[in-house]
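Report on one structure; see the data block that follows.
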2 protein chains.
Amino acid sequence: MTPSRKKPNINCSPVDTSHFFGFAVSVDCVIFGFDENVLKVLLIKSDLPTFQDKWSLLGDLVELDEDLDSASYRVLKDRTGLENVYLEQVHTFSSVGRHPAGRVVSTAYFSLVNARHHQLRQLANELHWHPVADIQEMAFDHMEILNTCLAALQKKIQEEPIIFNLLENKFSLRELQYLYEAILGVKLDRRNFRKKLFTTGLLVDVDEMEENVPHRPGKLYTFNHGRYSNMKKKTFVGIDF
Amino acid sequence: MTPSRKKPNINCSPVDTSHFFGFAVSVDCVIFGFDENVLKVLLIKSDLPTFQDKWSLLGDLVELDEDLDSASYRVLKDRTGLENVYLEQVHTFSSVGRHPAGRVVSTAYFSLVNARHHQLRQLANELHWHPVADIQEMAFDHMEILNTCLAALQKKIQEEPIIFNLLENKFSLRELQYLYEAILGVKLDRRNFRKKLFTTGLLVDVDEMEENVPHRPGKLYTFNHGRYSNMKKKTFVGIDF
DNA sequence: TTTTACTTGTGTATATTAGACACAATAATA
DNA sequence: TATTATTGTGTCTAATATACACAAGTAAAA
């Protein structure tokens, strides 16, 4: 249909391609936290005139000498002070008009942090934890990014035990269940939940009670990162549409 | 640790950010096909001096007025003549030194095409179908991109019935099984495979035999895109690590 | 033509997992 | 003290995964 284009492929022909180097690249981090049994996301108030009073994700332009993962870690560290956080690339958003400042392609990451971490108690005042369920609109295309990342998170927690990144080191089974329910948006049967979790071998009893930790009811457990039986993989030979 | 950076966040402060607009953005398409019971990928010979005689994925720089999806469709159409192909964004690769021509961030897509489609019979002579299993090295970071996309494909075909995009309109169960085996790299039990496929409701008998289609043994079926029982979703409330 | 090799089509029995379901004891609150 | 909410615990049933054998048909080779 369309006549074949004359512009050579950059992978194949060393020609002048300087006019293509007009993009900016950014990262946007969907930082999830769990507090008061609600899944929350850390947002910042936009002061771009275009998005007056809208909230936006934490993000930044990528420097010419850093890659996307590094840029995301940098954003996380600069904004929250946290290091060694769980971070995962999800999708790259590239609508032509998505940013008023020009052609900015943005790669979305989601991040899981412990919202009660001491470094997060006093946040910079333009930062705020929002319950994910309450968010109706955001600046830029950030609502779409948030929805995409939430879907990715919902899927991922069913495949790998990354969810503990959202909890304190020690937690009760009830907390864990509430967290699953908050992320997945479903109610789970408590007894079946317990049964399933224990068969994974992921949970380890914690005997000692801490002194200075606020008391929460229930037996406390901690995650056993190393050995867990990858149950889904065992039934993975099949073709489960 | 690191002192907080002074550069304002682009999402929040309308400042001069022109020095960030020095990136090029590209797409690379991992075009999968199935022929002679082998999973293949369509490659092009690189003639960049840096990658003399290495094969590379089909890709192109993204124009300043198009988004990534459009760019991928364009590459597919220009290179293969095919439209309405299955295309899915997988990951964005951004190592600082990944492209000799400058700072090029590339978003990888995988694509599923019918390798026996008539438009593909006579390919431009720099294009070639390579068995995925035989590929040892490629230009740029394309080996990593290929591996990432293969893993994404393996996962995806267990979740959604996209696999028919690799087959002719009519196919035998045996062909379908070989295709699954080729992608997943496993052997499947023929009887269990049949049972499972039929319970999905995805397959429809094809009674009439075509005249001008080369004869392949076995009963022919066609895919029933509309209704299929999403079996995995039924057991989705659980937490399957 | 006969033989051989390969492919197709079909069913059952077992093990694993998912999911539904109730009640007594304890802790917190009014 | 009464009330309310939360915790801990086990069994039964249904669905699914998986292992497994043989007879008939087709194509190729002798």
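Below, read A as the first sequence line, B as the second, and so on, with proteins coming before strands; counting in each chain starts at 1. In what follows, every heavy atom counts, from backbone to side chain, and hydrogens, waters and symmetry copies are set aside.
- Ring pair Phe223(A)/Phe171(A) is tilted by interplanar angle, where 30° to 60° counts as tilted.
- Protein atom NZ of Lys187(B) is 17 Å distant from nucleotide atom P of dT18(D), rounded to whole Å.
- Regarding Arg174(A), its CZ atom lies at a distance of 15 Å from the C1' atom of dT26(C), rounded to whole Å.
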Acceptor/donor pairs from residues 31-38 of chain B side chains to any protein atom, 3.5 angstrom cut, sequence neighbours excluded:
from: Glu36(B); atom 1: OE1; to: Lys40(B); atom 2: NZ; distance (Å): 3.0

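- Listed by chain and residue number, nothing satisfies the salt bridge (Lys or Arg N to Asp or Glu O under 4.0 Å) test with Arg190(A) (two or more places apart in sequence, or in another chain).
- Remark: Tyr73(B) engages no residue in a ring pair (Phe, Tyr, Trp, His ring centres under 6.0 Å) (not counting sequence neighbours).
- Legend: residues meeting salt bridge (Lys or Arg N to Asp or Glu O under 4.0 Å) with Asp189(A), ordered by chain and number and at least two apart, are Arg191(A).
- At whole-Å resolution of the value, CG in Leu176(A) and C1' in dT7(D) are 15 Å apart.
- Taking atom CG on Leu203(B) and atom P on dG9(C), their separation rounds to 12 Å, with Å as the unit.
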Please write out each protein N/O paired with an N/O of nucleotides 10-12 of chain C under 3.5 Å, distance rounded to 0.1 Å.
from: dT10(C); atom 1: OP2; to: Arg194(B); atom 2: NH2; distance (Å): 3.3
from: dT12(C); atom 1: O4; to: Lys195(B); atom 2: NZ; distance (Å): 2.9

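- Take Arg98(B) and apply the salt bridge (Lys or Arg N to Asp or Glu O under 4.0 Å) test, not counting sequence neighbours, and it matches Asp28(B), Asp141(B).
- We find that CZ of Phe193(A) is positioned 15 Å from P of dT9(D), with the value rounded to whole Å.
- The side chain of Lys196(B) places no N or O atom within less than 4.0 Å of a non-bridging phosphate oxygen (OP1 or OP2) of dT16(D).
- Atom CG of Leu197(B) is separated from atom P of dG9(C) by 13 Å (rounded to the nearest Å).
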